[in-house]
Amino acid sequence: MDYEAFVKDQVASLKHTVGDGVAINALSGGVDSSVVTALGHRALGDRLKTVFVDSGLMREGEPEAVREVFADLGIPVTIVDARADFLSALKGLTDPEDKRNAITKTFYSTVFGKLVKETGAKFLLHGTILTDIEETVAGIKRQHNILSQVGIDPEEMYGYQVLEPLVTLRKDGVREVAAVLDLPLEITHRIPFPGPALAARIVGEVTGERLSTVRAATAVVEDELSGSGAFQYLAVLLEDKATGMREGKREFGQIIVVRSVESVDAREAAVTRVPWEVLERICRRVTGIPGVNRCLYDLTPKPPATIEYV
Ligand code: XMP
């Protein structure tokens with residue numbers, strides 16, 4: 001496939017469809033939404049409003065880091081603080097599907113509903129790719145970015161039309177387009193990160209305090225394993241607790257699971273044989289996080305386990 005021609009065609013088509021209107025898109029910093037952002041910006045310039053929705057579920061420093069990368073490319077990104085909306089929608093929820101649904105609904109109804117009204121945008125650019133549709137149809141993934149799956153018809157509900165310029169591509173194609181658009185390697189080679197973000201890594205209720213714990217553990221795991229070449233690595237906060245000793249006192253503390261996997265397309269995964277010294281270092285650092293007194297390494301391949309916990 002000629003990816004230069006693909007970019008040219010999509011730019012022309014976006015220009016034609018949006019006309020002199022305004023489009024909006026949400027950037028997460030993942031490769032798909034990054035490519036849509038760069039493509040949309042090339043077609044529409046400042047008539048594309050790109051927002052980074054700070055759900056409070058992102059990793060340490062992530063909103064600012066993503067904004068910086070795009071500022072360097074000359075693409076302005078507005079961070080929208082929606083932390084309170086997401087936390088209140090997640091309050092009291094423990095079931096994985098309920099949590100995912102609450103996140104999707106908050107994203108599209110509460111946050112986007114407001115933004116679309118404010119900006120007058122008639123189009124939403126979305127980074128859906130072919131694999132998202134295939135895997136959703138096959139029941140492999142509960143794809144957070146497929147609106148129809150959560151019963152939302154955006155045109156009917158909010159008056160905006162969804163445009164999906166990457167819908168004919170798979171991940172390798174998206175990376176090719178990213179290269180044509182000169183996106184930096186830190187974007188094109190980012191490890192996968194799920195739509196529900198850190199909420200996919202908290203078993204049980206998502207609270208501000210539990211998010212801080214899993215965020216700190218994630219920072220340790222990413223710091224220790226970023227050079228490992230593994231497909232994906234993550235930290236998970238369990239709902240169970242365990243007894244430990246700190247400063248001579250017994251405490252009933254939190255348990256963090258560390259997971260690292262090798263995979264080609266996330267359909268199947270083998271566990272990374274992380275060197276023992278690295279695991280010990282991770283354990284030492286993770287149990288230094290307030291309230292955490294155990295750190296486990298997950299030895300389960302996919303199947304039977306999935307990569308994420310929620
Ligand atoms: P599982 O946990 O099903 O995940 O083995 C397979 C891959 O998909 C990612 N993942 C998601 N990605 N929205 C996404 O965009 C989601 O809701 C979602 N759930 C899981 C996961 O990180 C892994 O790479």
Side-chain angles (χ1 to χ4, degrees), residues 25-37 52-53 55 57-59 62 66 86 89-90 93 95-108 126-152 164 166-167 169-172 174-175 187-203 206 214 217-218 221-222 225-226 228-238 257-272 298-310:
N25 83 304
L27 170 67
S28 69
V31 56
D32 305 342
S33 72
S34 295
V35 167
V36 164
T37 301
F52 183 104
V53 175
S55 58
L57 309 175
M58 306 309 288
R59 290 167 289 186
E62 199 161 8
V66 172
F86 282 89
L90 285 163
L93 302 183
D95 178 78
E97 289 307 318
D98 290 348
K99 281 157 68 177
R100 280 171 178 262
N101 286 337
I103 291 168
T104 310
K105 289 241 154 87
T106 305
F107 195 88
Y108 289 107
H126 213 284
T128 318
I129 68 173
L130 187 55
T131 324
D132 295 335
I133 292 177
E134 287 171 343
E135 295 190 345
T136 301
V137 170
I140 296 167
K141 248 191 215 171
R142 296 152 300 174
Q143 208 52 52
H144 154 80
N145 58 5
I146 295 199
L147 294 175
S148 60
Q149 209 188 344
V150 291
I152 295 174
E164 298 174 316
L166 309 182
V167 81
L169 303 177
R170 293 207 170 79
K171 210 63 164 193
D172 52 337
V174 180
R175 291 213 170 89
I187 296 278
T188 48
H189 287 76
R190 223 171 80 129
I191 58 164
F193 189 62
L198 295 177
R201 291 155 186 196
I202 294 178
V203 182
V206 177
V214 84
T218 302
V221 170
E222 293 195 348
L225 296 179
S226 64
S228 68
F231 175 80
Q232 196 170 0
Y233 32 86
L234 50 126
V236 177
L237 175 61
L238 296 187
V257 174
V258 174
R259 184 145 173 75
S260 177
V261 294
E262 308 299 324
S263 178
V264 179
D265 55 11
R267 285 173 192 248
E268 292 185 344
V271 176
T272 309
D298 186 341
L299 292 178
T300 327
K302 175 181 178 176
T306 52
I307 295 174
E308 307 289 348
Y309 270 54
V310 170

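The chain is numbered in sequence order, starting from 1. For ligands, and for the atoms within them, numbers begin at 1 and follow the listed sequence. Only heavy atoms go into these numbers, but all of them, side chains included; no hydrogens, no water, no symmetry mates.
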Contact (N/O only, under 3.5 Å) between [X] and ligand 1:
X	result
Ala266	no
Ile307	yes
Arg201	no

Within ligand 1, which atoms have a heavy atom of [X] less than 4.0 Å away?
X	value
Lys302	1 (P), 3 (O), 5 (O), 6 (C)
Arg100	16 (C), 17 (O), 18 (C), 19 (N)
Gly195	12 (N), 13 (N), 14 (C), 15 (O), 16 (C)

Asp172 and Arg170 ion-paired at < 4.0 Å: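 No.
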Shortest non-hydrogen contact between Arg201 and Ala235, atoms and distance: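 Smallest interatomic distance, heavy atoms only, reads CB-O, 3.3 Å.
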Just to be sure I read this right, does ligand 1 sit under 4.0 Å from the backbone of Pro192, its side chain, both, or neither, counting only heavy atoms?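 Side chain only.
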Has Pro196 got any heavy atom lying under 4.0 angstrom from an atom of ligand 1?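 Judged by the 4.0 Å heavy-atom criterion, Pro196 does count as contacting ligand 1.
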From CG (Leu238) to OH (Tyr309), nearest 0.5 Å: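 Spacing of CG (Leu238) from OH (Tyr309) equals 6.5 Å.
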Go through Ser33 and Asn25 one step at a time and tell me if the side chain to side chain donor-acceptor pair (under 3.5 Å) criterion holds. CA-CA 8 Å; Ser33 72; Asn25 83 304; over 6 Å; no
Of all residues at least two apart in sequence or in a different chain, which pass the salt bridge (charged side-chain N to carboxylate O under 4.0 Å, His left out) check with Arg59?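 So Arg59 forms a salt bridge (charged side-chain N to carboxylate O under 4.0 Å, His left out) with Glu62, Glu222.
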